[in-house]
Asker: 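First the structure, which I've put down as structure tokens, then a few questions once you've had a look.
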2 protein chains.
Amino acid sequence: MKHEELGRVYCSLARTWSVIGERWTMLIIREAFRGTRRFDEFQQRLGVGRNVLSNRLGRLSDEGIFERVRYQQSPDRYEYRLTQKGMDLYPVLLTLMRWGDLYKVDDPPVRLYHKGCGELASPELRCSHCGEPVGFHSLRAKYAPDAW
Amino acid sequence: MKHEELGRVYCSLARTWSVIGERWTMLIIREAFRGTRRFDEFQQRLGVGRNVLSNRLGRLSDEGIFERVRYQQSPDRYEYRLTQKGMDLYPVLLTLMRWGDLYKVDDPPVRLYHKGCGELASPELRCSHCGEPVGFHSLRAKYAPDAW
DNA sequence: CAGTATCCTCGAGGATACTG
DNA sequence: CAGTATCCTCGAGGATACTG
């Protein structure tokens, strides 16, 4: 199965993967959350090839994850801003980061503070209905008959 | 930067990505959560090449995400079970799935019910300290000086 | 069954020069 | 600056035969 074909399978995970599952994509999105918006900034901070970056920014814009916004005229210059759809990848970024915090580093390179309560935040998944923490063992998965 | 080098950068996301950021890895892990444990089951359900599967299962076992458990003697046969470290990838899987539910499919192929309250669960990230939902806008990130 | 071995293809990614 | 174009490398992945 080719990378692109993942997007046509009836599985939400596989389809998401077809969008963000290449080496640089998630790192580019991470940079965007950090505030990076312009081509050369992305290029320098990540050290990614210009052709690859160009391709990814284009594809992510087509996908609706980035919006190209003109910030200057003649010559026209554009910057890349996360859309709501892009912002909605934040939970993915966060859970990836937290697993790494737990298993891949000694000290977390990034600490998150919850503006609401002021505390060091350890975001965790909870049931939106009852508010209890949820994990694999507390959830029952029901597959559609034609799920992949 | 090569894929493997991502694991040496001081960034939890990049290091996590160096473990699970290849095309098949996350899908193999997803299958494992679904209950799949044996080589040929993985191979048939995913349609992944045997050599690739062999390589991934080996690497994920070395990494401590799978544990090889002998289930038969002469000839010895092993199956692959998620360890706690592997189970801890569930939040990643779940957030990837939910983004896909939201943007990439009409009907979610998998529905999750919370055993605790019985309701259809929409897991969301909340502050483990105060229990409030958290997102990009309600968190303040503090980077270590040598963070990538 | 659960792999290993072999051979092949293709595309992701790197390096670099060039352009408006 | 923000890209595009070109050329190259390398490795991920596919197909398939083989083994204990």
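Order of the sequence lines fixes the chain letters, A, B, ..., with proteins taken first and strands second; residue numbering starts at 1 for each chain. On a predicted model such as this, the values are computed, not experimentally measured, just so you know.
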Asker: I want to verify a distance call: between D/dC1, C/dA2, D/dG3, whose nearest atom is closest to the A/Arg68 side chain?
Answerer: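 It is D/dG3.
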Asker: Is B/Arg45 salt-bridged to B/Glu41, cutoff N-O under 4.0 Å?
Answerer: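 A salt bridge is present here (some side-chain N lies under 4.0 Å from a carboxylate O).
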Asker: When you check the side-chain N and O atoms of B/Tyr80 and B/Arg38, is any donor under 3.5 Å from an acceptor?
Answerer: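 Side chains of B/Tyr80 and B/Arg38: no pair found under 3.5 Å.
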Asker: Taking only residues at least two apart or on different chains, which pairs with a member in residues 97-110 of chain B satisfy side chain to side chain donor-acceptor pair (under 3.5 Å)?
Answerer: A/Ser12-B/Asp101, A/Glu63-B/Lys104, A/Asp88-B/Tyr103
Asker: Report the distance from atom CD of A/Gln72 to atom P of C/dG20, rounded to the nearest whole Å.
Answerer: 17 Å
Asker: Provide, to the nearest angstrom, the distance between the CG atom belonging to A/Leu53 and the C1' atom belonging to C/dT16.
Answerer: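 It is 16 Å, rounded to the nearest whole Å.
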Asker: Quickly work out the B/Leu46 CG to D/dA15 P distance and round it to whole Å.
Answerer: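 Those two atoms, CG and P, are 14 Å apart.
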Asker: Can you list every pair that meets ring-ring contact (aromatic ring centres under 6.0 Å, His included) and has a residue in residues 2-31 of chain A, with sequence neighbours left out?
Answerer: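 The answer is A/Trp17-B/Trp17.
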Asker: Assign B/Tyr80 to base, sugar-phosphate, or nothing according to its heavy-atom contacts below 4.0 angstrom with the strands shown.
Answerer: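 Sugar-phosphate only.
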Asker: Are B/Tyr71 and C/dA2 close enough that a side-chain N or O sits under 4.0 Å from OP1 or OP2?
Answerer: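 Indeed, a polar side-chain atom of B/Tyr71 lies that close.
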Asker: Mind calculating the distance between CZ (A/Arg81) and C1' (D/dA2) to the nearest angstrom?
Answerer: 16 Å
Asker: Kindly express the pairing pattern of DNA chain C in dot-bracket notation, using | wherever a base pairs with another strand and counting only Watson-Crick or G-U pairs under 3.5 Å.
Answerer: ||||||||||||||||||||
Asker: In terms of heavy-atom contacts, does CD of B/Glu4 have more than 12 from other residues, nucleotides or ligands at under 6.0 Å?
Answerer: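 No, the 6.0 Å shell around CD holds no more than 12 heavy atoms from other groups.
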Asker: Please say whether more than 12 non-hydrogen atoms of neighbouring residues, nucleotides or ligands are located less than 6.0 Å from NZ in B/Lys142.
Answerer: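 Check fails, neighbour count at 12 or below.
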Asker: Please, which pairs that meet salt bridge (Lys or Arg N to Asp or Glu O under 4.0 Å) have at least one residue in residues 117-135 of chain B, sequence neighbours excluded?
Answerer: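 Qualifying pairs: B/Glu124-B/Arg126.
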Asker: Would you mind reading off the distance between A/Gln43 atom CD and D/dG3 atom P, rounded to a whole angstrom?
Answerer: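 After rounding, the gap between these two atoms is 12 Å.
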Asker: Take A/Val134 and B/Leu112, measure what side chain to side chain contact (heavy atoms under 4.5 Å, CB included) needs, and give me the verdict at the end.
Answerer: CA-CA 11 Å; A/Val134 293; B/Leu112 299 170; over 6 Å; no
Asker: Mind checking the CG-OG1 spacing from B/Leu82 to B/Thr36? Nearest 0.5 Å is all I need.
Answerer: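 Nearest 0.5 Å value for the CG-OG1 distance: 10.0 Å.
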Asker: If you measure from the Lys or Arg side-chain nitrogens to the Asp or Glu carboxylate oxygens, is any gap between A/Arg50 and A/Asp40 under 4.0 Å?
Answerer: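 Result for this pair is yes, salt bridge flagged.
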Asker: Can you check the B/Leu57 CG to C/dG3 P distance for me, whole Å?
Answerer: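 Going from B/Leu57 (CG) to C/dG3 (P), I get 7 Å.
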Asker: Can you list, in residue-number order, the parts of residues 26-40 of chain B that come under 4.0 Å of DNA chain D, counting heavy atoms only?
Answerer: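 Residues of residues 26-40 of chain B that come under 4.0 Å of DNA chain D do not exist, since none gets that close.
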Asker: Of the nucleotides D/dA2, C/dG14, C/dT4, which one has an atom closest to the side chain of B/Ser54?
Answerer: C/dT4
Asker: To the nearest Å, give me how far apart CD (A/Gln44) and P (C/dT16) are.
Answerer: 16 Å
Asker: Taking the cut-offs as 6.0 angstrom to the six-membered ring centre and 45 degrees off its axis, would you call B/Arg34 and A/Tyr143 a cation-pi pair?
Answerer: yes
Asker: With nearest nucleotides of DNA chain D determined for A/Glu79 and B/Thr25 from heavy-atom distances, which residue corresponds to the more 5′ nucleotide?
Answerer: A/Glu79
Asker: For nucleotides 5-12 of chain D, give me every protein contact, N/O to N/O, under 3.5 Å, one pair per line with atom names.
Answerer:
residue : atom : partner : partner atom : Å
D/dT6   : O4   : A/Asn51 : ND2          : 3.4

Asker: Distance from A/Tyr90 atom OH to B/His137 atom NE2, nearest 0.5 Å?
Answerer: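 So the gap between those two atoms works out to 10.0 Å.
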